[in-house]
> 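Pasting in a structure now, in C-alpha cells, and then I'll have a few things to ask.
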Amino acid sequence: MHKHPNTHRMLRWRPAAAALATAVAASAFLAVPSALANEPSDPPATQQMPAPTPGFPLPTDHSQQAYDPAADFTSKWTRADAKQIMAQSDSTVAPGQNSMSPDVTMPEIPEDFPAMNDDVWVWDTWSLTDENANQISYKGYDVIFSLVADRHAGYGFDQRHWNARIGYFFRKTNADPAKDKWNYGGHLFLDNTSIGNTEWSGSTRLMQGNQVNVFYTATTFYDVAERNAGGGGIAPDAAIAKALGNIHADKNGVTFDGFKHTKLLEPDGKMYQNKAQNPGFAFRDPYTFADPAHPGKTFMVFEGNTGGKRGEYECKPEDLGYKAGDPNAESLNEVNSSGAYYQTANVGLAVADNKDLTKWSFLPPVLSANCVNDQTERPQIFIQNEGGKNKYYLFTISHQFTYAAGMRGPDGVYGFVGDGVRSDYQPMNNSGLALGSPTDLNLPSESPEAPTPNQNGRQFQAYSHYVQPGGLVQSFIDNVNGVRGGSLSPTVKINFRDGVSKVDRTFGKNGLGPFGYLPTNVKVGGEGLYK
C-alpha cells in the first residue's frame with residue numbers, strides 16, 4: 001500500500017474521506033464523536049506486544065485507564081519500561097551495525113541528500129493544522145513552519161539553536177512531492193517583534209477566516225555572540241507564547257502579517273522546573289488541540305522537567321516500576337547511587353481559560369520520565385479510533401545522550417497509548433520506542449556533534465520527528481555518516497494499533513518517501529486560483 005509517493009498523494013483525499021465515513025458510522029455507538037479523531041494509521045501486520053526477554057526485567061503493568069484531565073495523576077515511563085529497549089535489541093551484531101528491530105528502525109537516509117534551502121538551515125518542522133491535527137491546504141497551498149538559521153552568518157550548524165527563527169515554506173497542493181521544492185517565504189515574524197530574541201518550536205493552528213495562532217517557545221539568550229564564538233553559558237529564559245496573525249494566498253504564494261504576541265506561560269517551579277532550579281531546565285514546544293471527550297476545551301502539551309532544584313530529586317519505587325520479586329530488577333539504592341535522579345523529564349499539560357486562548361492554567365504533567373530520561377521534546381497527542389473507541393497516543397522525541405545512568409536508547413520517536421489525554425499510559429511496544437535512527441545500542445551513547453567512528457554512521461541521521469495524519473513521520477537530517485544536515489529528511493510511515501508499531505517499508509522506496517513530505521488532508525478557503 002502507498003508504494004509510490006505520487007500515487008499516495010493522489011489517493012490522499014479518498015482514504016481521509018473513508019476514514020471520516022467510518023468514524024461517523026461508528027459514532028452512533030459512541031459517547032465520544034470519533035469523527036474528531038485523527039486520520040488513522042494503517043495497522044501493523046502483527047499487533048502483539050514483544051514477548052519478555054530472558055535476563056531482563058519485566059515491564060511495568062499499565063492499565064491505559066483515563067482520568068479527568070485535571071486529576072492529580074501522572075503516568076510513569078519507568079526504568080522497567082525503558083529497559084525493554086535493550087531487551088529487544090540484538091547483543092550479537094557486529095560493532096557499528098544496527099542492533100534494533102527493523103520494526104522500529106528508520107530506513108537509512110542517503111548521504112547525497114538535497115539541501116532544502118541554500119540560505120537557511122532547517123530543522124524542527126510542523127504543518128498548518130486545525131484543532132484536530134488535520135493538515136490544512138489553504139486556498140490551494142500547503143504550508144509548513146520550520147526553525148531556520150542563516151547558513152552564511154559565520155556561525156556553525158551546531159550554533160543554530162541560539163540563532164533560531166521560525167520560517168515558513170509553501171507549495172501548491174497539487175505539486176509533485178518528489179520533484180517540486182518547497183518555496184521559502186522567509187521569517188514568519190518581523191524582526192524584533194517576538195517575545196524573546198530566539199524562537200523555538202511550537203505549532204500553528206488555522207482559526208476562523210484567515211487568522212492563524214502560532215504557539216511557540218520564546219527563548220532569550222544573553223550571550224549569543226559568545227556562544228557563536230564557541231563560548232558562553234549564561235542560562236536562557238524561556239516562556240510559552242502565541243502570536244495571532246493573518247494568512248494570505250494569491251498567485252504569488254503565501255504571506256502572513258498582523259501578528260500580535262502574547263506571553264502565555266512560564267514554569268511555576270512546582271510542577272515544572274524553572275531556571276532558578278536548573279539552568280538547563282526544559283520548558284518548550286507547545287502543541288494545542290481539542291479533545292472530543294471534553295467539548296469546548298482546548299488543551300496544550302509541552303516539554304517540561306519535574307519541579308525542584310536539580311540534583312535534589314530522589315528516585316522512587318514507582319519511577320523504577322519493577323514487579324515485586326523480579327530477579328532482574330535494580331535496587332532503589334543502586335539507581336540513586338548512579339545519579340539517575342538528575343534526569344527528570346516530563347510532558348506537561350495546560351488548559352485554556354478563555355476562547356481567545358490568551359489565558360492558560362497549568363495541570364499536572366501527563367507523563368514523567370524521572371530517573372529515565374531528561375528530555376521529552378515536541379510532544380503531540382494523536383487520537384485514533386480503534387475498534388469503535390478513541391485511543392490517545394502521546395508521541396514525544398528524545399536523544400540517546402539524555403537517558404539516565406543505566407539506560408540506553410536511540411534518538412527517535414517515543415510513544416505511549418491510553419484511553420484519554422490523562423491516562424495510565426502504556427509505552428508502545430512495551431518500551432516506548434516507536435521509531436529510532438539505526439544505532440548499535442551495545443556501544444556507549446554519544447552526541448551528533450562528535451560521534452565516534454565505531455558507531456553506526458546513521459545513529460544521528462534524523463531528529464525532531466513529527467507524526468502526521470495516517471502515521472507519516474517527518475524529521476530533519478542531522479548527521480548522515482559524517483555529512484551534517486539542516487534539511488528535511490525523507491518522510492517515513494509507521495503503522496500502529498493497540499500500542500504496537502511497525503515501520504512500513506512498502507511506503508515510498510524501501511520505506512523512504514519524498515524529502516519533506518507533509519501532505520495536507522483537509523482543504524480550507526476553496527480550491528484557490530492557483531492549482
Side-chain angles (χ1 to χ4, degrees), residues 1-20 23 37-42 106-107 114 116 122 124-146 168-185 203-206 212 247 249 253-254 380 382-384 395 413 435 462 464-476 487-496 503-509 511-528 530-531:
M1 185 176 181
H2 306 334
K3 290 187 178 181
H4 193 281
N6 293 340
T7 304
H8 182 252
R9 185 54 172 154
M10 291 186 289
L11 294 177
R12 186 74 177 162
W13 304 103
R14 280 179 283 182
L20 183 60
N38 290 109
E39 181 182 333
S41 71
D42 291 321
M106 183 177 178
M116 183 173 179
V122 179
D124 298 12
T125 297
W126 60 94
S127 292
L128 178 66
T129 65
D130 65 12
E131 68 276 16
N132 300 311
N134 290 303
Q135 298 192 164
I136 301 297
S137 167
Y138 184 76
K139 293 187 177 181
Y141 287 101
D142 294 356
V143 188
I144 61 175
F145 306 85
S146 302
Y168 74 96
F169 296 81
F170 61 89
R171 69 181 173 196
K172 293 178 180 179
T173 296
N174 65 346
D176 181 346
K179 296 178 181 178
D180 297 330
K181 294 190 70 171
W182 287 97
N183 302 292
Y184 181 47
S203 52
T204 303
R205 275 174 54 180
L206 184 69
V212 292
I247 182 173
V254 175
Q380 301 171 247
F382 188 107
I383 305 172
Q384 173 167 283
F395 289 109
V413 185
L435 178 71
S464 202
H465 306 74
Y466 177 78
V467 181
Q468 307 173 73
L472 300 179
V473 184
Q474 177 52 50
S475 56
F476 81 93
S487 296
L488 292 190
S489 307
T491 294
V492 299
K493 182 170 178 279
I494 57 173
N495 301 332
F496 55 92
V503 174
D504 186 346
R505 295 180 185 272
T506 69
F507 175 73
K509 185 176 181 181
L512 293 178
F515 289 85
Y517 181 47
L518 292 93
T520 52
N521 65 304
V522 170
K523 302 176 184 179
V524 168
E527 295 286 346
Y530 326 111
K531 297 283 283 184

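Worth knowing before you read on, the calculation uses all heavy atoms, side chains too, and leaves out hydrogens, waters and symmetry mates.
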> Salt bridge or not for Asp42 and Lys493, using N-O below 4.0 Å?
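Salt bridge between Asp42 and Lys493, a charged N being under 4.0 Å from a carboxylate O: yes.
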
> Treating Asn134 as the side-chain partner and Val522 as the backbone partner, does any N or O pair qualify as donor plus acceptor under 3.5 Å?
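Flag not set: sc Asn134 to bb Val522 has no pair under 3.5 Å.
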
> Could you pull out the closest heavy-atom pair between Tyr466 and Ser127, with the gap in Å?
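Looks like OH-N, 3.6 Å.
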
> Can you confirm whether the side chains of Ser41 and Gln384 place a donor and an acceptor under 3.5 Å from each other?
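A donor-acceptor contact under 3.5 Å links the two side chains.
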
> Ignoring hydrogens, what is the shortest heavy-atom contact between Pro114 and Phe515? Give both atom names and the distance.
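Nearest pair, atom of Pro114 first, then Phe515: CD-CZ, 3.5 Å.
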
> Could you tell me whether a side-chain N or O of Gln135 sits under 3.5 Å from a main-chain N or O of Pro519, the two making a donor and an acceptor?
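Yes, the answer is positive, given that a donor and an acceptor are paired below the 3.5 Å cut-off.
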
> Between Phe382 and Phe496, is a side chain to side chain contact (heavy atoms under 4.5 Å, CB included) present by the stated rule, with each step listed?
CA-CA 11 Å; Phe382 188 107; Phe496 55 92; 3.8 Å; yes

> Quick one: do Leu128 and Ile247 satisfy side chain to side chain contact (heavy atoms under 4.5 Å, CB included)? Show the steps, please.
CA-CA 11 Å; Leu128 178 66; Ile247 182 173; 4.1 Å; yes

> Could you give me the CA-CA distance, side-chain angles and deciding distance for Phe169 and Met116, then say whether side chain to side chain contact (heavy atoms under 4.5 Å, CB included) is met?
CA-CA 10 Å; Phe169 296 81; Met116 183 173 179; 3.8 Å; yes

> With Gln474 as reference, evaluate Leu488, Ile144, Val492 under the side-chain contact (heavy atoms from CB on, under 4.5 Å) test and give the passing residue.
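So, applying the side-chain contact (heavy atoms from CB on, under 4.5 Å) to Gln474 and each of Leu488, Ile144, Val492, only Leu488 qualifies.
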
> Does Arg171 reach the main-chain N or O of Asp180 with its side chain, forming a donor-acceptor pair under 3.5 Å?
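Yes: the side chain of Arg171 pairs with the backbone of Asp180.
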
> Looking at Tyr517 and Leu472, what are the two nearest heavy atoms and their distance?
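Taking every non-hydrogen atom into account, CE2-CD1, 3.9 Å.
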
> If you compare all heavy atoms of Leu518 against all heavy atoms of Asp142, which two are closest, and at what distance to 0.1 Å?
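The pair with the smallest heavy-atom distance is O-OD2, 4.3 Å.
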
> Just by distance, do the side chain of Thr129 and the backbone of Ile136 share a donor-acceptor pair under 3.5 Å?
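Between the backbone of Ile136 and the side chain of Thr129 there is no qualifying donor-acceptor contact (under 3.5 Å).
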
> Does any donor atom in the side chain of Ser489 or Ser475 lie under 3.5 Å from an acceptor atom in the other side chain?
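A pair is found: one side chain offers a donor N or O, the other an acceptor, under 3.5 Å apart.
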
> Closest approach of Gly525 and Lys139, non-hydrogen atoms and distance?
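Heavy-atom minimum between the residues: O-CG, 3.3 Å.
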
> Of the options Thr491, Thr520, Val473, which is the one that meets Gln468 in a side-chain contact (heavy atoms from CB on, under 4.5 Å)?
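Exactly one pass, corresponding to Thr491.
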
> Assess whether side chain to side chain contact (heavy atoms under 4.5 Å, CB included) is satisfied between Thr173 and Tyr138, documenting all intermediate values.
CA-CA 9 Å; Thr173 296; Tyr138 184 76; over 6 Å; no

> State which residue, out of Val524, Val143, Asp130, fulfils the side-chain contact (heavy atoms from CB on, under 4.5 Å) condition with Leu206.
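Filter result, single survivor: Val524.
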
> Taking the inter-plane angle between the rings of Phe145 and Trp126 on a 0 to 90° scale, is it parallel (under 30°), tilted (30 to 60°) or perpendicular (over 60°)?
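Parallel.
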
> Can you tell me if Asn495 uses its side chain to pair, donor with acceptor, with the backbone of Asp504 under 3.5 Å?
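Not confirmed, Asn495 side chain does not pair with Asp504 backbone.
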
> Could you check if a side-chain atom of Asn132 sits within less than 4.5 angstrom of a side-chain atom of Asn38, using non-hydrogen atoms only?
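No, too far: nothing below the 4.5 Å cut-off.
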
> Ala249 and Tyr141: which non-hydrogen atoms are nearest, and at how many Å?
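Heavy-atom minimum between the residues: CB-CD1, 3.9 Å.
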
